[in-house]
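Any value given below was found using the heavy atoms of this structure, including those in side chains, with hydrogens, waters and symmetry copies removed. Letters A, B, ... mirror the listed sequences (proteins, then strands); counts begin at 1. Here the structure is a predicted model, which means the values were calculated and not measured.
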Amino acid sequence: MNRVNKLIYAILAILIIGSFIGVAVYEQMLKGQAPVAVIYKDKQIFQRVYLTKSINKQINVRDSDGHYNLVEIKDGQVRVKEADCPNKLCIKAGWLNKPGQMAVCIPNRVSVVIEGAAEEAQQPDAHSF
Amino acid sequence: MVIERKPAAWLTALILLAIFTCAGCAKVDEQAPYIAHEFMLDTDIIINIEDSRAPQISTAVFQRIAQIEKKMTLFSQDSEIAVLNAQAGQKAVEVSADTHYVLTKAIAMSKITRGAFDPTIGPLVKLWDVGSGLARVPGDAEIQKALALVDYRSLQINPDSDQLHTVFLPRLGQVVDLGGIAKGYSGDEAKRILLEHGVRQGIINLGGNVMAFGHKKDGNPWRVGIQNPLAPRGTYLGIVYVSDKAVVTSGGYERYFIKNGRRYHHIIDPTTGYPANNGLISVTVVADRGIEADALSTGVYVLGLTEGKQLIDSMDGVEAIFITNERKVYTTAGLKDCFQLTDGDFSYE
Amino acid sequence: MSNTKRLVIIALFIALATALNIVERFIPLPIAIPGVKLGLANTVTLLAILMLGWKDVFLIVTLRCLLAVLYGGNPVSFLFSITGGLFSALIMVLTWRYLGKHISIVTISLLGAVAHNIGQLFVAALIIQDFRIYVYLPVLLVSALITGYIVGVVATQTYKILLKIIETEG
């Protein structure tokens, strides 16, 4: 194999390893934070829901054209349950539960991202009353 | 043109590397948190631990709490405490080591709080009966009569060294009520059992009576939310950061009734016979042991801010958060760095 | 190559790419990430690069993407395939032109596949205005390696056969 070929393979390798490291660092940054499911519709925050075990609900993200994504929150996880988009990639992304994960529906411009809540907003571990 | 072998090898290596890296990220969830619920001690008990045998261990804890409840409840005729009360003024009764220990501890806490916490508060609690739905404001004479029976110093407990554990209520009509201390003791016992089973960290929440033992898995202290006394349950006004502590809150906001525009809550002041009214709406005590935190939170709530704070300040390893009628929040010195007020309606003093 | 022959080859390539596009839809993939596709039609792009001029390449890519819409695609998938396809074609054309003597077809294919996925992710990020979608990059890059490699090998073999045919048939 000649030098140019080698160089290109090296670049590809660096690109891939770099991307893995980048994502790992990103996830590490979010680690330990309280997971909050944030639903975006047309670049705007549609709803924020803390992913605690006790919250079970379904949120219908519907727009004026009648397009919809039905988001389900259950047992500290979130997923897109139903949608009218052609490829259903948002549904295929399955259940999400860790900060950093996301499900995207490009046709409807909806995304569900798990973000880490800032310390102040975090749910406590227990409640004394 | 021939397919080159070397790039193929490189590619394979890369793909393998990627797969291994992926596998590396996927293995994170070693142990899922386990949560067990049970209704006991007239409240919701939640155990929150991580262990491969969590269900069995939780069952063992619940069995232990059931045992304690069976001995100390007032809702049954044949609990040890019910029998003790039934025999008041007549004869000493024999009790288990558990009950003996809790009674001894209750008396000790009464002494420390100078009677603001008193396990013989029973006659007054019965008289007011807050939370039953039948509550009424008793007459002055009734209160004076019940008040005369409330006196922790009269309770006779034989020393622990004796073979038999016996307790005696000397006067007819006297009633011991361990409602202000049994949950705390149950929390201590739950923690002991969890430790025996090798569980190093977790949370036991006995109806708001929190035993946070060990620390969080990431090494940080537990975050315990303190109820906002003026908001619905679940709303917290601040967070206290603790490791290996019991956090117990007492306040008149949970159980009360309203008559003629006045609010009567369930924490009765053993010296006046009326619901405690010393300017506090809630007190949270943080201590090593649940039994102490439980009794102290009641006692300090009755004592009020000035006396209560003096008392807690004088005790080692015990801290407290006081919330007054004027929405002012006071903490003892040891909590300065571990308490975070999050609700802007309250001001930190 | 005569003009007629060129036109026929272009037509055949477009037809082949469209067919591959349709076939690909019926192949289930284990991962559901926007942009992860086998990219079988890239074989045609690659062959076009080897056998035709760069203008023809872009023509073929554009037309096959348009045709895919007619065959049951949708505006969004068109947007993805056209940007991914053109960006990938651009990278492959450039590498073939300037580094073609030094590198193998498989390498060109790999670069094309990687470019394809990065391009698609970029479009997705632009549409939802959220560049966190790049968390998918590692998986997409690895899948690009696999599909790019397969496409490269297939294109290499097909190219050899096609060359023979063209030479013998004159």
Side-chain angles (χ1 to χ4, degrees), chain A residues 1-35 49-56 74-77 94-101 114 116-129, chain B residues 4-7 10-11 13-15 17-18 21-22 24-25 28-29 33 35 46 48 203-205 207-212 216-229 233-236 238-242 246-251 253-254 282 284-286 293 297 321 340 342:
Chain A
M1 190 163 44
N2 65 53
R3 269 183 38 223
V4 182
N5 241 349
K6 268 188 196 159
L7 185 70
I8 291 177
Y9 281 103
I11 291 172
L12 283 179
I14 289 169
L15 192 64
I16 288 173
I17 294 167
S19 73
F20 270 99
I21 293 173
V23 170
V25 168
Y26 172 65
E27 282 176 352
Q28 197 59 40
M29 264 163 43
L30 296 172
K31 211 178 163 186
Q33 297 190 16
V49 183
Y50 278 92
L51 289 180
T52 55
K53 289 257 189 271
S54 53
I55 296 175
N56 292 315
K74 199 176 161 188
D75 297 330
Q77 306 185 89
W95 287 106
L96 319 173
N97 55 25
K98 281 201 271 303
Q101 292 181 316
I114 303 200
E119 186 86 345
E120 301 75 54
Q122 254 189 52
Q123 290 294 312
D125 303 303
H127 194 83
S128 179
F129 49 85
Chain B
E4 293 169 31
R5 283 266 169 77
K6 269 197 175 167
W10 273 102
L11 262 180
L14 255 183
I15 291 167
L17 177 83
T21 324
C22 281
C25 344
V28 181
D29 290 342
I35 299 172
I46 305 164
N48 198 333
I203 292 212
I204 310 136
N205 195 337
N209 200 313
V210 176
M211 173 60 80
K216 281 167 79 152
K217 224 167 42 171
D218 57 13
N220 287 323
W222 295 106
R223 299 156 48 86
V224 181
I226 306 300
Q227 174 66 33
N228 176 342
R233 184 186 286 188
T235 322
Y236 53 94
I239 289 171
V240 61
Y241 294 73
V242 292
V247 180
V248 180
T249 303
S250 282
Y253 53 90
E254 281 269 316
S282 139
T284 299
V285 172
V286 179
S297 70
I321 301 158
Q340 183 190 15
T342 55

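For the residue pair Q340(B) and Y241(B), a side-chain donor N or O sits within less than 3.5 Å of a side-chain acceptor on the partner.
Here the shortest heavy-atom pairing between P124(A) and Y236(B) reads CD-CE2, 3.4 Å.
Comparing G251(B), G208(B), G207(B) by how many heavy-atom pairs each has under 4.5 Å with chain A, the most go to G208(B).
With sequence neighbours excluded, the residues satisfying side-chain hydrogen bond (donor to acceptor under 3.5 Å, both in side chains) with T249(B) are S128(A), T284(B). Listed by chain and residue number, I17(A), V25(A) satisfy the side chain to side chain contact (heavy atoms under 4.5 Å, CB included) test with I21(A) (two or more places apart in sequence, or in another chain).
Looking at V248(B), only its backbone comes within 4.5 Å of chain A, counting heavy atoms on both sides. The contact between I226(B) and chain A is made by backbone and side chain atoms together, counting heavy-atom distances below 4.5 Å.
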